[in-house]
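Only a predicted model underlies this, so the values are computations on that prediction, with no experimental measurement involved.
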Amino acid sequence: MKILIIEDEEELARSIAEYLSEENYLCEFAASYNQALDKIEMYQYDCILLDIMLPDGNGMKLLEELKLQDKQDGVIIISAKNALDDKIKGLQIGADDYLTKPFHLSELTARIYSIIRRKQFSNSNIVRQNELLIDLLAKTVSVNNDPVTLTKKEFDLLIYFIGNKNRVISKSTLAEHLSGDFADMLDNHDFVYAHVKNLKKKLYDAGSGHYLKTVYGTGYKWMGS
């Protein structure tokens with residue numbers, strides 16, 4: 001799961017990223033309005049942490065831009081301003097939640113998880129497709145009640161595929177999802193193929209149906225009803 005931290009306080013941004021990385025989130029940074037605008041135009045995120053007060057612009061305008069582009073990224077406003085008007089305005093424009101500084105990182109993580117679960121998995125902690133069962137909170141996978149051991153990257157891929165089921169996902173999109181900004185610096189996407197191959201093998205060896213299909217020359221698609 002990929003998070004964009006729009007925050008000009010470097011120490012706070014780094015501490016958030018370190019904490020979220022332990023929870024298997026891939027974090028990217030934007031310390032200014034213009035940096036953030038570039039990123040939201042180029043990439044898609046599972047959740048955006050948005051500081052309202054930026055050195056070269058207002059975070060509310062970024063919210064408006066997300067709405068104009070019909071982006072589905074989850075947004076949590078994080079701001080030292082505790083004014084009710086700001087909270088109401090942000091939620092009306094399209095933010096999903098609002099957190100006032102200072103806050104506990106554990107609470108932030110819970111809010112991020114809640115937004116992602118609501119947007120992708122209909123508020124459920126458990127995702128089931130026939131014999132396949134995924135516990136989003138415990139981050140476990142089982143096939144016919146037998147546990148399947150996945151790496152962090154493989155689990156992240158699985159959740160990403162199921163969250164975008166019946167859609168063709170290109171290798172470049174998967175590379176970006178797994179590596180963030182670094183994807184642009186990679187010569188090829190062989191690592192995506194390797195992760196997908198390993199994920200398929202583990203699921204199929206455990207007795208899962210062949211839901212993950214290769215769309216030759218394009219990418220992959222998770223088939224589901």
### Summary
d(Lys39 NZ, Tyr45 OH) to nearest 0.5 Å is 4.5 Å
### Query
Any chance NZ of Lys197 has more than 12 other-residue heavy atoms, nucleotides or ligands included, within less than 6.0 Å?
no
### Check ion pair Asp96-Lys119 (N to O, under 4.0 angstrom)
yes
### Query
What residues form a side chain to side chain donor-acceptor pair (under 3.5 Å) with Lys201, not counting sequence neighbours?
Asp205
### Task
Before giving the answer on side chain to side chain contact (heavy atoms under 4.5 Å, CB included), spell out for Leu133 and Val127 the whole-Å C-alpha distance, their side-chain angles and the decisive distance to 0.1 Å.
CA-CA 6 Å; Leu133 186 144; Val127 178; over 6 Å; no
### Message
Taking the basic N atoms (NZ, or NE/NH1/NH2) and the acidic carboxylate oxygens, is any pair closer than 4.0 Å for Arg111 and Asp97?
### Response
yes
### Query
Are Trp222 and Gln129 close enough, and set up right, to give a side chain to side chain contact (heavy atoms under 4.5 Å, CB included), and what steps lead you there?
CA-CA 11 Å; Trp222 184 276; Gln129 184 168 337; 2.9 Å; yes
### Task
Answer yes or no: are there more than 12 heavy-atom neighbours, outside His210 itself, under 6.0 Å from its atom NE2?
yes
### Message
Given 3.5 Å as the limit, does a donor-acceptor pair link the side chain of Lys202 with the main chain of Thr149, or not?
### Response
yes
### Message
Do Phe191 and Leu178 have side chains that approach each other closer than 4.5 Å (heavy atoms only, starting at C-beta)?
### Response
yes
#### Entry: Check: Leu136 and Tyr113 side chains under 4.5 Å, non-hydrogen atoms
yes
### Query
Is there side-chain contact between Glu176 and Lys2, with at least one heavy-atom pair below 4.5 Å?
yes
#### Entry: Donor-acceptor contact below 3.5 Å, side chain Glu154 vs main chain Thr151
yes
### Task
State, with a plain yes or no, whether a side-chain heavy atom of Leu199 is found less than 4.5 Å away from one of Phe155.
no
### Message
Restricting to non-hydrogen atoms, name the atom on Asn166 and the atom on Gly224 that form the minimum distance, rounded to 0.1 Å.
### Response
ND2-O, 2.5 Å
#### Entry: Exam field: side chain Gln120 to backbone Ile116, donor-acceptor pair closer than 3.5 Å
no
### Min side-chain heavy-atom separation Tyr211-Tyr204 under 4.5 Å
no
### Closest non-hydrogen atom pair between Ser15 and Leu12, with its separation
OG-O, 2.8 Å
### Query
Honestly curious: do Leu63 and Leu91 fall in one hydrophobic cluster under the side-chain, below-4.5 Å linking rule?
no
### Task
Show your working on side chain to side chain contact (heavy atoms under 4.5 Å, CB included) between Tyr220 and Val168 and close with a plain yes or no.
CA-CA 5 Å; Tyr220 304 94; Val168 177; over 6 Å; no
### Query
Rounded to the nearest 0.5 Å, what separation is found between the CG atom of Leu20 and the CD1 atom of Ile3?
6.0 Å
### Asn24 to Lys139 - nearest heavy-atom pair and separation
CB-NZ, 3.8 Å
### Co-membership, hydrophobic cluster, residues Leu4 and Met53, 4.5 Å side-chain
yes
### Query
Do we get Arg14 above Tyr19's six-membered ring, with its NZ or CZ under 6.0 Å from the centre and within 45° of the axis?
no
### Query
Looking only at heavy atoms, which two atoms of Ile78 and Glu7 are closest? And how far apart?
CD1-OE1, 4.0 Å
### Query
Does Arg118 CZ have over 12 foreign heavy atoms under 6.0 Å away?
yes
### Query
Rounded to the nearest 0.5 Å, how far apart are NZ of Lys153 and CG of Asn198?
13.5 Å
### Message
Taking the basic N atoms (NZ, or NE/NH1/NH2) and the acidic carboxylate oxygens, is any pair closer than 4.0 Å for Lys61 and Glu65?
### Response
no
### Task
Without swapping roles, check the side chain of Gln72 against the backbone of Asp70 for a donor-acceptor pair under 3.5 Å.
yes
### Message
So does Thr140 get a backbone contact from the side chain of Asp135, meaning a donor-acceptor N/O pair under 3.5 Å?
### Response
no
### Interatomic spacing from NZ in Lys89 to CD1 in Ile52 - rounded to 0.5 Å
9.0 Å
### Task
With the side chain counted from C-beta on, respond yes when Ile40 and Asp73 share a heavy-atom pair under 4.5 Å apart, and no when they do not.
no
### Message
Using a 3.5 Å distance criterion without hydrogens, assess whether the side chain of Asn144 forms a donor-acceptor pair with backbone atoms of Asp146.
### Response
no
### Message
With side-chain hydrogen bond (donor to acceptor under 3.5 Å, both in side chains) as the criterion, how do Thr214 and Lys200 come out once you've worked through the C-alpha distance, each side chain's angles and the decisive distance to 0.1 Å?
### Response
CA-CA 10 Å; Thr214 299; Lys200 276 185 173 182; 2.8 Å; yes
### Message
Do the side chains of Lys101 and Asp51 get close enough for a salt bridge, i.e. N-O under 4.0 angstrom?
### Response
yes
### Message
Testing the basics here: between Tyr160 and Asn164, what is the closest heavy-atom pair and its distance to 0.1 Å?
### Response
O-ND2, 2.8 Å
### Query
Mind checking whether Leu68 and Ile48 sit in one hydrophobic cluster, side chains of I, L, V, M, F, W, Y counted as touching below 4.5 Å?
no
### Message
Test side chain to side chain contact (heavy atoms under 4.5 Å, CB included) on Ile169 and Thr218; report intermediate values, then the result.
### Response
CA-CA 8 Å; Ile169 310 295; Thr218 306; over 6 Å; no
### Query
Under 4.5 Å between side-chain heavy atoms, hopping through other hydrophobics if needed: is there a path connecting Leu132 to Leu137?
yes
#### Entry: Distance, nearest 0.5 Å, that separates CG of Leu105 from CD of Glu23
10.5 Å
### Query
In this structure, are over 12 heavy atoms from other groups packed under 6.0 Å from Phe103 atom CZ?
yes
### Query
For the residue pair Glu64 and Ile93, what are the closest heavy atoms and their distance?
N-CG2, 3.7 Å
### Query
Atom CD1 of Ile162 and atom CG of Leu212: how far apart are they, to the nearest 0.5 Å?
9.5 Å
### Query
Got Asp8 and Asp56 here, is their nearest side-chain heavy-atom distance under 4.5 Å?
no
### Stepwise side-chain hydrogen bond (donor to acceptor under 3.5 Å, both in side chains) check, Thr173 with Ser170
CA-CA 5 Å; Thr173 298; Ser170 69; 2.8 Å; yes
### Query
Considering only heavy atoms from C-beta outward, does the side chain of Val75 approach that of Cys47 to under 4.5 Å?
no
### Query
Under 4.5 Å between side-chain heavy atoms, hopping through other hydrophobics if needed: is there a path connecting Tyr33 to Tyr43?
yes
### Message
Whether the side chain of Ser124 engages the backbone of Ile126 through a donor-acceptor N/O pair (distance < 3.5 Å, no angle test) should be reported.
### Response
yes
